[in-house]
Q: 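Supplied in structure tokens, the structure appears directly below.
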Amino acid sequence: IGAPGTSPASCSTPANLNAANSVTVSPDGHTVYTTSFKDAAVEVFTRAANGALTPAGCLGNNGSGPGNCTGVDGLSNPISLAVSPDGQNAYVAASFSSDLVLLARRSDGALISMGCIGDVHFGPASCTAQANLNGADGVAVSPDGHTVYVVSASSNAIEVMARAANGTLTPSGCIGNNGTGPGNCTGADGLVTPVHVVVSPDGNNVYVVSVGSDALVMFARRADGALTSMGCVGDFTKGPASCTTHANLQGPRSVAVSP
């Protein structure tokens, strides 16, 4: 499945997949979501029992997104999308908007805007303002559904947010790179330009990869969602001196934990 005019001729061509950069499957397995950096859009697909996908709608950034999509504020250059374990919400990190877009998810997989939380200096005026979201790149929801984590490449930080039963979010702390991260955050090494975050299935750990640090940062996660640094693993030629060294970690872009 590709974007018209830019993808291989052998692909089927629904709109709004220009520079597609992430894909997420809903917990019930019925819906697949993609974010498209250049289209400023989230594409929705229904998933059949055999794995085949059918376009089922899209959301686009108000003013710059595709004309065939429902308009939403805060979707300029979306990078990452996470669906809550209960399937009730989706969250999108958008780097150029420097924000996190909150979405309600219907049983058929359709998404409805619940507003956005934007960086206090660089986020859209229509968003609720919050510090440390400049260049928001990655988002993850904990397995218990109680915490949302956002990594922001330009803020050199990971923001922690408590999630309510209705999907709304409340800031509950942050961790920033030692020396260059926000002054209001707890410091940790290896968080220069963090781009992706994942929570382990047991909920006990969070892992972040940072392209600027050439490192993988490890955190212990408490029951309340708070994080404590467990150190980092850095590239043996480019990583921070404080990290355990390991080959082949230059410019890491994503991290995953097995089920």
Side-chain angles (χ1 to χ4, degrees), residues 22-33 35 42 44 46-47 56-57 59 70-75 78-94 97-120 123-124 126-133 136-152 157-175 185-186 196-208 219-228 257 259:
S22 75
V23 58
T24 305
V25 183
S26 62
D28 61 14
H30 296 164
T31 319
V32 172
Y33 303 97
T35 57
V42 172
V44 183
T46 55
R47 178 178 174 268
L59 300 179
T70 300
V72 172
D73 285 346
L75 280 180
I79 296 286
S80 177
L81 183 149
V83 181
S84 59
D86 60 11
Q88 299 300 305
N89 297 99
Y91 302 94
V92 181
S97 289
S98 292
D99 73 343
L100 182 71
V101 180
L102 286 63
L103 303 164
R105 180 177 178 270
R106 296 193 326 214
S107 58
D108 63 358
L111 302 176
I112 302 167
S113 176
M114 294 173 57
C116 50
I117 301 173
D119 184 80
V120 65
S126 58
C127 293
T128 300
Q130 181 175 322
N132 314 322
L133 287 175
D137 256 32
V139 58
V141 185
S142 60
D144 60 14
H146 296 165
T147 318
V148 172
Y149 300 95
V150 184
V151 290
S152 299
I158 175 170
E159 194 75 10
V160 183
M161 304 186 198
R163 177 177 177 264
N166 64 358
T168 57
L169 304 177
T170 303
S172 60
C174 57
I175 298 179
C185 296
T186 302
H196 195 234
V197 57
V198 66
V199 186
S200 61
D202 60 11
N204 290 331
N205 297 97
V206 169
Y207 301 96
V208 176
F219 296 97
R221 178 179 178 269
R222 294 193 327 216
D224 63 358
L227 303 179
T228 304
V257 183

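No hydrogens, no waters, no symmetry mates; every other heavy atom, side chains included, goes into these values.
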Q: Which atom pair, heavy atoms only, marks the closest approach of Asn205 to Arg221?
A: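 Heavy atoms only, the tightest pair is N-CB, 4.1 Å.
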Q: Which distance, rounded to the nearest 0.5 Å, do you find between the CG of Leu102 and the OG1 of Thr128?
A: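 That separation rounds to 8.5 Å.
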Q: Going by the rule side chain to side chain donor-acceptor pair (under 3.5 Å), which residues pair with Asn89 if we only count those two or more places apart in sequence or in a different chain?
A: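 Arg163.
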Q: Using 0.5 Å steps for rounding, measure from the OG atom of Ser107 to the NE2 atom of His30.
A: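 Between Ser107 OG and His30 NE2, I get 10.5 Å after rounding to 0.5 Å.
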Q: In Å and rounded to the nearest 0.5 Å, what is the CZ to CD1 distance from Arg105 to Ile112?
A: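 So the gap between those two atoms works out to 11.5 Å.
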Q: Can you list everything that forms a side chain to side chain contact (heavy atoms under 4.5 Å, CB included) with Thr35? Sequence neighbours excluded, please.
A: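 Result, side chain to side chain contact (heavy atoms under 4.5 Å, CB included) vs Thr35: Asn21, Ser22, Val42, Pro78, Leu81, Val92.
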Q: Determine the minimum heavy-atom distance between Pro27 and Ser84, stating which atoms define it.
A: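 Shortest heavy-atom separation between Pro27 and Ser84 comes out as CG-O, 3.4 Å.
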Q: Picking from Val198, Val141, Leu227, what satisfies side-chain contact (heavy atoms from CB on, under 4.5 Å) with Tyr149?
A: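 Of all the options given, the one that passes is Leu227.
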Q: Considering all heavy atoms of both residues, which atom of Gln130 and which atom of Pro171 are nearest to each other, and what is their separation?
A: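 Distance-wise, the nearest heavy atoms are OE1-CG, 3.1 Å.
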Q: Let me confirm one number: the CG-CE distance from Leu133 to Met161, rounded to the nearest 0.5 Å.
A: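 So the gap between those two atoms works out to 4.5 Å.
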Q: By salt bridge (Lys or Arg N to Asp or Glu O under 4.0 Å), which residues pair with Arg47, not counting sequence neighbours?
A: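 Testing Arg47 for salt bridge (Lys or Arg N to Asp or Glu O under 4.0 Å), a comparison that skips the adjacent residues, returns none.
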Q: Do Val150 and Tyr91 have side chains that approach each other closer than 4.5 Å (heavy atoms only, starting at C-beta)?
A: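 No, every pair of side-chain atoms sits at 4.5 Å or beyond.
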Q: Does a side-chain heavy-atom distance below 4.5 Å link Ser113 with Asp73?
A: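 Sidechains of Asp73 and Ser113: no contact.
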Q: So, Tyr207 side chain and Ser200 main chain: donor-acceptor pair closer than 3.5 Å or not?
A: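 Judged by distance alone, no pair lies under 3.5 Å.
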Q: Heavy atoms only: give me the nearest Ala94-Gly74 pair and the separation to one decimal.
A: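 Reported closest heavy-atom pair: CB-O, 3.2 Å.
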Q: Within a strict 4.5 Å, meaning less than it, do heavy atoms of the Thr147 and Val199 side chains meet?
A: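 Counting from C-beta outward, Thr147 and Val199 never come under 4.5 Å.
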Q: Output the distance between atom CG (Asp137) and atom OG (Ser98), rounded to the nearest 0.5 Å.
A: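 Asp137 CG to Ser98 OG: 9.5 Å, rounded to 0.5 Å.
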Q: Could you pull out the closest heavy-atom pair between Gly118 and Cys127, with the gap in Å?
A: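 Between these two residues, the closest heavy atoms are N-CB, 3.4 Å.
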Q: A side-chain contact here means heavy atoms from C-beta on lying under 4.5 Å apart; do Asp119 and Ser152 qualify?
A: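 With C-beta onward as the side chain, the pair stays apart.
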Q: Which atoms form the tightest heavy-atom contact between Ala136 and Ile79, and what is the distance?
A: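 Minimum heavy-atom contact is O-CG1, 4.4 Å.
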Q: Ser80 side chain to Ala93 main-chain N or O, any donor-acceptor pair under 3.5 Å?
A: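 Answer holds: no.
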Q: Is there side-chain contact between Leu169 and Leu100, with heavy atoms separated by less than 4.5 Å?
A: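 In contact.
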Q: If you measure from CZ on Phe219 to CD1 on Ile158, what distance do you get to the nearest 0.5 Å?
A: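 Interatomic distance, Phe219 CZ to Ile158 CD1, rounded to 0.5 Å: 5.5 Å.
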